[in-house]
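Read the numbers this way: they start at 1 and go in the same order the structure lists the ligands and their atoms. Since the model is a prediction, treat every value here as computed from it, not as a measurement.
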Amino acid sequence: MKKRKKIITVAIDSPAAAGAGTQAKLIAKHYNLFYLDTGKIYRFIGLLVLKKKKSYSLIKKKIKKIKINDLQNKNLLSDSVAISASIVAKDKKIRDIVHQFQQKCAYFPPLKYAGSVLDGRDIITVQVKDAMFKFFITASLKTRAKRRFKEYKELKKKITFKEVVKNLKNRDKSDRQRKYGPLKKTKDSILINTTKLSRKRCFKKIKAIMDRKLHN
Ligand code: C5P
């Protein structure tokens, strides 16, 4: 695979709704990096499956042609799509299909960017093992559920707080215990717990870590 040389690579793993996406976007903006929310790809496939379009060849074709804009689709944000995504994400064949696309984004981002930042569940462990920066972002279940519930309310989704907690718990379990690409913290990644941190303070912490290395 073609790799761009001397680029900044940031890999982030996290359980759902821990604030990884928010931090990844702030990192991308500040350091001019290409951002890929890899969960959105699994959600994209999860939605296809909900629409009864589960054929590996069709999914492969769709992923080959996928544009970053396709991942902005608001329909990807529902809880039913998230659950479907975590089910398809257990499938090794699906993970292999998605792998190439992620590798290209991580190692060969568009030239106008100084590098890439990817977030997901297996970014540090599988996708970008040699990333320059590795962050494991987490928060308590209660905090994550509160944040996700607030987002759903803003999107006018009909769901109770109890359902959000239950679904996050189930997804956590499935994502941590599955056979392929399970979520786990590696020894070489930096733990960022966002439970008691505002997004600004959290980014300040990450920025300090990155600047120390980049300006040395
Ligand atoms: O991050 P998000 O909640 O959008 O991810 C949806 C689902 O996609 C996760 O629960 C997980 O099962 C799957 N996923 C994955 N590997 C990634 C990113 C997401 O298996 N790198």
Side-chain angles (χ1 to χ4, degrees), residues 9-25 28 34-50 54 59 63 66 68 70-107 116-129 131 134-139 141 143-152 155 157 159 163-186 189 192 194:
T9 47
V10 184
I12 302 174
D13 281 330
S14 78
T22 304
Q23 293 307 316
K25 278 183 211 149
F34 177 76
Y35 170 50
L36 180 68
D37 172 353
T38 66
K40 286 275 173 63
I41 308 169
Y42 290 97
R43 285 171 181 256
F44 181 84
I45 300 170
L47 186 59
L48 285 178
V49 171
L50 286 179
K54 191 186 172 178
I59 291 171
I63 295 297
I66 206 167
I68 293 301
D70 298 330
L71 303 178
Q72 312 299 335
N73 182 350
K74 285 247 178 341
N75 292 333
L76 300 180
L77 299 177
S78 75
D79 229 46
S80 51
V81 172
I83 294 166
S84 178
S86 70
I87 295 168
V88 299
K90 289 198 249 183
D91 186 331
K92 168 110 174 35
K93 264 194 180 167
I94 298 275
R95 301 199 77 79
D96 289 346
I97 292 173
V98 172
H99 182 72
Q100 257 189 0
F101 178 74
Q102 294 177 126
Q103 293 272 296
K104 191 165 172 257
C105 293
Y107 293 109
S116 65
V117 47
L118 272 69
D119 73 340
R121 304 292 185 281
D122 65 340
I123 307 306
I124 299 168
T125 51
V126 180
Q127 307 299 335
V128 200
K129 281 184 184 165
K134 301 175 181 184
F135 296 108
F136 189 91
I137 299 186
T138 190
L141 177 68
T143 301
R144 293 189 284 126
K146 273 188 186 165
R147 288 179 188 155
R148 187 49 46 96
F149 184 61
K150 190 168 167 252
E151 283 166 16
Y152 284 152
L155 289 165
K157 304 260 182 221
I159 190 161
E163 281 171 315
V164 174
V165 174
K166 189 178 130 221
N167 293 343
L168 278 182
K169 243 188 190 169
N170 287 342
R171 237 169 9 114
D172 278 358
K173 193 170 167 212
S174 170
D175 289 350
R176 285 181 191 274
Q177 295 183 352
R178 68 180 177 216
K179 192 167 175 194
Y180 307 107
L183 173 70
K184 59 176 175 226
K185 188 194 170 302
T186 59
S189 58
I192 307 279
T194 71

Provide the number and element of each atom of ligand 1 under 4.0 Å from a heavy atom of [X].
X: Ala89; result: 12 (O), 13 (C), 20 (O)
X: Thr38; result: 17 (C), 18 (C), 21 (N)
X: Gly120; result: 17 (C), 18 (C), 21 (N)

Using distance alone, determine whether [X] and ligand 1 share an N or O pair under 3.5 Å.
X: Arg95; answer: yes
X: Arg171; answer: yes
X: Asp119; answer: no

Original post:
Which is closest to atom 21 (N) of ligand 1 in terms of heavy atoms, Leu168, Asp122, Ile87?
Top reply: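 Selected option, by shortest heavy-atom distance: Asp122.
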
Original post:
Given Gly39, Pro182, Ser86, which has its nearest heavy atom closest to atom 19 (C) of ligand 1?
Top reply: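 Minimum heavy-atom distance to atom 19 (C) of ligand 1 goes to Gly39.
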
**OP:** Applying side-chain contact (heavy atoms from CB on, under 4.5 Å) between Ser189 and each of Ile137, Ile124, Ile123, report the one that passes.
**Re:**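 Result: among Ile137, Ile124, Ile123, Ile124 is the only option passing the side-chain contact (heavy atoms from CB on, under 4.5 Å) with Ser189.
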
Original post:
Lys166: what forms a side-chain hydrogen bond (donor to acceptor under 3.5 Å, both in side chains) with it, not counting sequence neighbours?
Top reply: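 In terms of side-chain hydrogen bond (donor to acceptor under 3.5 Å, both in side chains), with neighbours along the sequence ignored, Lys166 is linked to no residue.
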
Among protein heavy atoms, which lies nearest [atom], and at what distance?
atom: atom 12 (O) of ligand 1; result: Asp175 OD1, 2.6 Å
atom: atom 8 (O) of ligand 1; result: Tyr42 CB, 3.4 Å
atom: atom 17 (C) of ligand 1; result: Arg121 N, 3.3 Å

Original post:
Just wondering, more than 12 heavy atoms not from Gln100 lying within 6.0 Å of its CD?
Top reply: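 Counting neighbours around CD of Gln100, 12 or fewer heavy atoms of other residues, nucleotides or ligands fall under 6.0 Å, so no.
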
**OP:** Quick one: look at Arg176 and ligand 1, take heavy-atom pairs under 4.0 Å, and tell me if it's side chain, backbone, both or neither.
**Re:**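 Neither part.
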
Subject >> Derivation of the side-chain hydrogen bond (donor to acceptor under 3.5 Å, both in side chains) call for Thr194 and Arg147 >> reply: CA-CA 11 Å; Thr194 71; Arg147 288 179 188 155; 3.0 Å; yes

Subject >> Which residues share a salt bridge (Lys or Arg N to Asp or Glu O under 4.0 Å) with Asp122, sequence neighbours left out >> reply: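 By the salt bridge (Lys or Arg N to Asp or Glu O under 4.0 Å) rule, Asp122 matches Arg95.
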
